[in-house]
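Since the structure comes first, as structure tokens, the remarks are kept for the end.
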Amino acid sequence: MTEISNTRSAAQEAQGASRSRLWRLMRYIPLIAPLLLWAVPCWVLLHTGQRWPLPITVTGTAFFALGLIGMPLAMARGHGRRQQDRAAILGDTLLGGSWVLFTWSVLLGVPLRLVLTVAGVGDGQGRARIVTWTVLCVAAVLLAWGYAEARRVPRVRRLDVPLPRLGAGLDGTRVVLITDTHYGPLDRARWSARVCETVNSLEADLVCHTGDIADGTAERRRAQATPLGTVRATRAMVYVTGNHEYYSEAQGWVDLMDELGWEPLRNRHLLLERGGDTLVVAGVDDVTAESSGLAGHRAHLAGALQGTDPDLPVLLLAHQPKFVDQAAARGIDLQLSGHTHGGQIWPFHYLVRLDQPAVAGLSHHGARTLLYTSRGTGFWGPPFRVFAPSEITLLVLRSPERSTSP
């Protein structure tokens, strides 16, 4: 037993050291990323043998140079102290556009050039221009489609979730999950109202919001959040904080959600009872809460479960999937999370996976813990979703005893 414990400890230390190195490296990404995002497509599309007329080359190069300078400046003004919404929209849009151009310049442009060369299609200039037009067309289509995907009301994703400890009386309990609504610079008050109408059509017993409700203070985004007050559930509507609440006066959001009829599960729980059976519904603050310096804000699972019967099944709300390590250690039955957005713009999910144990969907952890990670209901920053559709999730909890239920 000691040998197994030592092996686990060594593995955990190695994993921790690896993540520490990763985070040290990621500190330099804000400096390197803008240069790569704009310089690489500029080189691939304009300066690899296309021999465009001089006005096109100069204009195109100037566009990429302006993007390289303007994107960080706009994002700083939009998301920094000034919180200028127009600047945020510009910076975020440029970020999304440059990411798509960079991705497809590398993943499509370079291989396509090799294929055309091997196939003997045209001369060097002709092949280079084919690559440019192909990448530009693909990027334009993906950005147009991605914008429509980001702005539409999410489709409902339905799935049954078997919980071995769930009593027969609670079989069929309907849990609706929304998360990462990220009300922000683009006014989405009408979108918010339509999302809430969709949630109400699902006739949920329990409606959950697992954080990142908005970018900006509660006072500033109140109009977009107000439709959340129209949401209805037969038992309860519960909410936990996400990391973005701690960028925008988290206590104000807790107070507003209370005003709108949502019950904040800040390191506490409630009991959902039906048919003589009980489900513990618990929630914790986001893992970044303690570093915010706000009094009483921290992720405290022991406090959330204090006074509960250890034999009862537990549904836990935690914004970030990586909290599942603690949940699994305590034998939580099901954790609901968001935060990842499913990557939002492919292939960003590979980077998300470096920090989180899951990006989307249902996964198993430990002896009995299930984790459901939502791709999110809204979007953050760039108003695009590419191969990472948003969702409103309906989870129907299933008991192994349901066949004997009346």
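In what follows, residues are counted from 1 in the order of the sequence shown.
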Would the distance check show the side chain of [X] and the main-chain N or O of [Y] forming a donor-acceptor pair, the cut-off being under 3.5 Å?
X	Y	answer
S292	T288	no
R353	P357	yes
D180	G338	no
R232	M237	no
E149	P389	no
S248	E245	no

Is a side-chain donor-acceptor pair under 3.5 Å present for [Y] with [X]?
X	Y	answer
H297	T241	no
T61	H47	yes
Y239	R266	no
H319	N243	yes
T226	Q224	no
H341	H182	yes
D286	Q320	yes

Does a salt bridge link [X] with [Y], judged by any charged N lying under 4.0 Å from a carboxylate O?
X	Y	answer
R398	D160	yes
R385	E391	no
R165	D311	no

Mind jotting down which residue pairs meet the side chain to side chain donor-acceptor pair (under 3.5 Å) criterion with at least one end in residues 87-99? Sequence neighbours excluded, please.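 Every pair satisfying side chain to side chain donor-acceptor pair (under 3.5 Å) with a residue in residues 87-99: H79-D92.
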Kindly write out the residues that satisfy side chain to side chain contact (heavy atoms under 4.5 Å, CB included) with R86, not counting sequence neighbours, or none if the list is empty.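 For R86 there are no side chain to side chain contact (heavy atoms under 4.5 Å, CB included) partners, ignoring immediate neighbours.
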Could you check I392 against T377 for side chain to side chain contact (heavy atoms under 4.5 Å, CB included), going step by step and ending with a plain yes or no? CA-CA 6 Å; I392 296 169; T377 309; 4.1 Å; yes
Would you check, one step at a time, whether the test side chain to side chain contact (heavy atoms under 4.5 Å, CB included) holds for I178 with T393? CA-CA 7 Å; I178 58 174; T393 319; over 6 Å; no
Can you tell me which residue pairs pass the ring pair (Phe, Tyr, Trp, His ring centres under 6.0 Å) test with a partner in residues 256-285, sequence neighbours excluded?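 As it turns out, there is no ring pair (Phe, Tyr, Trp, His ring centres under 6.0 Å) pair with a partner in residues 256-285 once direct neighbours are skipped.
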Applying salt bridge (Lys or Arg N to Asp or Glu O under 4.0 Å) between R221 and each of D85, D212, D215, report the one that passes.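 That would be D85.
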From CA spacing to verdict: side chain to side chain contact (heavy atoms under 4.5 Å, CB included), Q125, Q50: CA-CA 5 Å; Q125 182 188 56; Q50 287 86 353; 5.7 Å; no
